[in-house]
Amino acid sequence: MWQTCLGSGATGGGTGSGFDSARGFLLARTSPMSQVRVRFAPSPTGFFHIGSARTALFNWLYARHTGGTFILRIEDTDQARNSEEFLRLIYDSLTWLGMDWDEGPNPNGVGERGAFGPYRQSQRAHIYKEYLQKLLAAGRAYEKDGAIWFKMLGERYKVFDDHRKKEVEKVKCDPVVIDDQIRGRVERQEDEDFVIFRSDGNPVFHFVNVVDDITMQVSHIIRGEDHLSNTSKHVRLYEGFGVTPPVFAHIPLILKSPEMGQGKMSKRDKGALIEEYQQRHFLPEALVNYLALLGWNPGDDREKMTVAEIVQLFDLPAVNQSNAKFDGKKLAYLNMVYLLEQPTEKFVALAKDYFAKIPAGAAALANEAYFREIMTLAQPKIKSVDELGAYTGYFFSDDFPVDAKVKDKVMAKGDPKTRLTELIAALSAMDFSTDATVEAGIKTLAEGKGLGFGDYQAVARLAVTGTNAGPSITAIFRVLGKDRVASRLQKLLASG
RNA sequence: GCCCCUAUCGUCUAGCGGCUAGGACAGGAGAUUCUCAUUCUUCAAACCGGGGUUCGAUUCCCCGUGGGGGCACCA
């Protein structure tokens with residue numbers, strides 16, 4: 001069965017012909033009860049970035065959508081660049097984003113689960129040897145220069161390759177046909193033997209990838225478009241093993257935003273690392289929502305969706321074919337939308353987590369009830385949790401920064417010093433028990449002078465917060481209490 | 001250089017032969033609120049070019065061009 005290089009093995013599940021209606025019939029193929037097995041196979045050689053996260057997400061979504069199995073496989077064959085720290089980061093990031101895996105190493109790094117292990121390539125050497133033997137026995141592999149090569153089938157001829165500046169041996173062969181779930185029919189010529197075991201005895205990526213996918217019975221390979229060109233090699237390997245290749249789905253890549261420059265997003269670009277969002281206390285559901293929207297849409301105008309909704313609506317043929325540029329602004333927007341609708345409890349917990357990690361945090365967390373009160377005021381006003389420190393600093397310390405520009409502006413308008421003096425004088429008679437009583441107090445004062453609430457608001461705010469932004473001034477007064485308000489008003493008055 | 005993928009506002013996208021080309025983010029202008037943010041209203045903003053096919057192309061085909069990826073004893 002592997003005598004042929006005529007490549008129609010790539011039709012995978014073998015559904016019908018007619019490629020012109022490919023996207024139509026592919027849709028019908030993804031029925032909910034199928035035995036879908038997908039995998040995410042990162043290598044722990046660097047930080048976990050946006051692109052990897054989205055590849056993982058699309059696999060996870062597809063598994064959950066179809067009721068299939070999501071496998072985590074660790075491609076840790078690169079001894080030099082591997083690290084346990086990066087491995088940990090993969091587990092943590094996936095977990096943080098809510099992508100649970102059915103098979104693979106356990107999230108705590110101890111042991112693994114699933115019937116197709118081991119799930120770390122570093123422990124699968126014996127399997128690779130065994131599969132190499134199959135190829136050798138079938139005459140589909142041979143040794144040359146100390147390495148082992150996969151043998152293509154067909155008539156051989158030599159040609160001078162002017163890119164590599166040397167004569168190479170090519171094989172006359174029909175092109176490989178890939179029936180891609182996202183791209184439709186893709187044809188690619190694979191016409192040279194290639195190395196599958198290096199002379200140092202280690203198998204190369206193409207080989208282990210295919211062997212693992214065969215032995216783990218992976219049904220759908222969902223991966224970045226950068227692998228599309230590799231797919232022809234992989235298909236030939238499947239044929240070499242006498243195995244029908246899985247269904248392929250090559251998803252578009254994430255490119256740099258225009259401000260970042262050209263090309264695909266790399267780990268070095270700002271905003272490229274999942275860890276960064278975790279540290280900034282972004283909401284994982286916002287990030288998942290955003291990532292899902294990069295290259296996919298539900299077919300209508302819906303953008304903000306719960307994970308459950310996305311799982312329900314997601315499907316491979318609906319994935320776009322063109323690359324998408326990363327837009328941090330839109331992600332920030334989504335994060336804000338999610339933040340606004342968090343239950344108070346959840347928001348306070350998030351805030352605690354955040355303050356626990358910043359220098360000024362201890363002071364902020366000293367009084368639980370007071371902290372809660374302030375976070376409740378801040379939640380509807382901020383866009384991300386990491387603004388909280390700057391946004392609420394004046395509640396926790398008398399030594400807060402004063403915005404010079406705001407001060408100049410406020411102090412130049414009307415007669416702020418007189419207003420300050422009047423406020424200080426009126427303070428002792430004011431009732432600070434609720435926002436409404438504070439408001440009534442200021443209004444009474446203003447009316448008595450023939451002025452409005454607004455004539456006192458700006459200067460009072462400057463005095464107690466050092467800026468022109470924040471929750472309502474009445475709430476700030478109440479929470480701060482008369483003593484602190486009085487001393488801050490006086491301080492501003494004295495400062496000129 | 002060769003191969004593969006791709007192409008609608010600045011960005012993410014809807015559109016699957018006939019539409020005033022829709023939505024969202026970002027940007028502009030207003031409104032509301034004690035400030036700020038939110039919210040609301042509103043404005044500006046796109047079918048890469050050239051050939052076909054068709055009564056009719058953003059849509060289908062071809063060729064350019066642009067963008068992306070791949071061409072290893074890396075993964």
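In what follows, chains are A, B, ... by sequence order, proteins preceding strands, each numbered from 1.
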Reading 5' to 3' through nucleotides 1-9 of chain B, protein heavy-atom contacts under 4.0 Å coded B for base, S for sugar-phosphate only, - for none: B-SSBSS--

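- Within the shown strands, C71(B) is the pairing partner of G1(B) under the Watson-Crick or G-U definition, both distances less than 3.5 Å.
- Put simply, NZ on K325(A) is 10 Å from P on G67(B), counting in whole angstrom units.
- Regarding contacts with the backbone of C34(B), every side-chain N or O of R419(A) stays at 4.0 angstrom or more from both OP1 and OP2.
- Taking the charged nitrogens against the carboxylate oxygens, R39(A) and D213(A) do have a contact shorter than 4.0 Å, which makes a salt bridge.
- Spacing between G22(B) and A45(B) at atom P, rounded to whole Å, works out to 12 Å.
- Nucleic acid contact for L340(A): sugar-phosphate only, since backbone atoms but no base atoms lie under 4.0 Å from a heavy atom of the residue.
- In this structure, K413(A) places its NZ atom 11 Å from C1' of U35(B), rounding to the nearest Å.
- One atom, CG of L377(A), and another, P of A37(B), lie 18 Å apart when rounded to the nearest Å.
- Atoms CZ (F453(A)) and P (U35(B)) sit 9 Å apart, rounded to a whole Å.
- The pairing partner recorded for C48(B) is G64(B), the criterion being a Watson-Crick or G-U wobble arrangement whose two distances lie under 3.5 angstrom.
- Nucleotides A57(B) and G50(B), compared at atom P, are 13 Å apart to the nearest Å.
- Each of T474(A) and L293(A) was matched to the nucleotide of RNA chain B holding its nearest heavy atom; the match closer to the 5' end belongs to L293(A).
- Here the separation of G69(B) from C60(B), taken at their C1' atoms, is 26 Å to the nearest Å.
- Distance from the side chain of L253(A) is smallest for G68(B) among the nucleotides C12(B), G70(B), G68(B).
- Here H250(A) lies out of heavy-atom contact (under 4.0 Å) with every strand.
- When the P atom of G15(B) is taken as reference, atom CG of N297(A) falls 7 Å away, rounded to whole Å.
- Among the protein residues, S472(A) comes within range of the nucleic acid bases, having at least one heavy atom under 4.0 Å from a base atom.
- Within 4.0 Å (heavy atoms only), K383(A) reaches sugar-phosphate atoms of the nucleic acid but no base atom.
- Taken from NZ in K151(A) to NZ in K144(A), the straight-line distance is 12.5 Å, to the nearest 0.5 Å.
- Nucleotide C25(B) forms a pair with G10(B), judged by Watson-Crick or G-U wobble geometry with both contacts under 3.5 Å.
- Using a 4.0 Å heavy-atom distance criterion, G470(A) is classed as a base contact.
- For R268(A), the CZ atom counts as loosely surrounded, since its 6.0 Å shell holds 12 or fewer non-hydrogen atoms of other residues, nucleotides or ligands.
- Here C73(B) presents its P atom at 15 Å from CG of N202(A), a figure rounded to the nearest Å.
- Across all strands shown, A37(B) forms no Watson-Crick or G-U wobble pair with both distances under 3.5 Å.
- In this structure the side chain of V319(A) reaches within 4.5 angstrom of the side chain of F314(A), judged on heavy atoms.
- Ion pair K304(A)/E309(A) not flagged as a salt bridge, since none of the NZ, NE, NH1 or NH2 atoms sits closer than 4.0 Å to an Asp/Glu carboxylate oxygen.
- Among the protein residues, N468(A) comes within range of the nucleic acid bases, having at least one heavy atom under 4.0 Å from a base atom.
- Distances were taken from every side-chain heavy atom of Y333(A) (C-beta onward) to each of A75(B), C12(B), A24(B); the shortest belongs to A24(B).
- In this model, a side-chain donor or acceptor of K381(A) finds a partner on the base of C36(B) within 3.5 Å.
- Using a 4.0 Å heavy-atom cutoff across all strands shown, A458(A) reaches no nucleic acid atom at all.
- The side chain of K329(A) has A26(B) as its nearest neighbour among G69(B), A26(B), C73(B).
- Distance check on atom P: G51(B) versus A44(B) gives 31 Å, rounded to whole Å.
- A close approach under 4.0 Å does not occur between any side-chain nitrogen or oxygen of R302(A) and OP1 or OP2 of A24(B).
- The separation of G49(B) from C43(B), taken at their C1' atoms, amounts to 30 Å, rounded to a whole angstrom.
- For the C1' atom pair drawn from C25(B) and U20(B), the interatomic distance equals 24 Å after rounding to whole Å.
- Proximity note for R198(A) (side chain, C-beta onward) versus A75(B), C25(B), G68(B): the nearest is A75(B).
- Nearest nucleotide to the Q262(A) side chain, out of G67(B), C73(B), C34(B): G67(B).
- In this structure, L287(A) places its CG atom 17 Å from P of C12(B), rounding to the nearest Å.
- At least one cation-pi condition fails for K233(A) and F150(A): the charged atom is not both under 6.0 angstrom from the six-membered ring centre and inside a 45 degree cone around its axis.
- Taking the centre and axis of the six-membered ring of Y238(A), the NZ or CZ atom of R236(A) falls outside the cone set by 45° and 6.0 Å.
- The gap from the C1' atom of G68(B) to that of U35(B) amounts to 47 Å, rounded to the nearest Å.
- Here G263(A) lies in heavy-atom contact (under 4.0 Å) with sugar-phosphate atoms only.
- Counting non-hydrogen atoms under 4.0 angstrom, P252(A) reaches nothing in the nucleic acid.
- Distance CG (L423(A)) to C1' (C34(B)): 12 Å, rounded to an integer number of Å.
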Intermediate values then yes/no, side chain to side chain donor-acceptor pair (under 3.5 Å), H206(A) and H234(A): CA-CA 6 Å; H206(A) 305 296; H234(A) 297 182; 3.0 Å; yes

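- With hydrogens and angles ignored, the 3.5 Å screen pairs a side-chain donor or acceptor of T437(A) with a backbone N or O of D431(A).
- Side-chain proximity of H227(A) to the nucleotides A75(B), G70(B), C73(B) is greatest for A75(B).
- The nearest heavy atom of RNA chain B to V337(A) and to F326(A) marks one nucleotide each, and the one closer to the 5' end goes with F326(A).
- Residue Y391(A) is classed as a base contact, given a heavy-atom separation below 4.0 Å to a base.
- G27(B) and G67(B): their C1' atoms are spaced 25 Å apart (whole Å).
- The 12-atom threshold is exceeded at CD of E276(A), counting heavy atoms of other residues, nucleotides or ligands nearer than 6.0 Å.
- Checked against Y290(A) for a ring-ring contact (aromatic ring centres under 6.0 Å, His included), the options Y338(A), Y333(A), F326(A) give a single hit: F326(A).
- Residue contacts for N209(A): at a heavy-atom cut-off of 4.0 Å it reaches no nucleic acid atom on any strand shown.
- Contact annotation for G224(A): no contact, since no heavy-atom pair falls under 4.0 Å across all strands.
- Comparing atom distances between the S43(A) side chain and each of A24(B), C73(B), A75(B) picks out A75(B) as nearest.
- Remark: K482(A) NZ is packed, more than 12 non-hydrogen atoms of other residues, nucleotides or ligands lying under 6.0 Å away.
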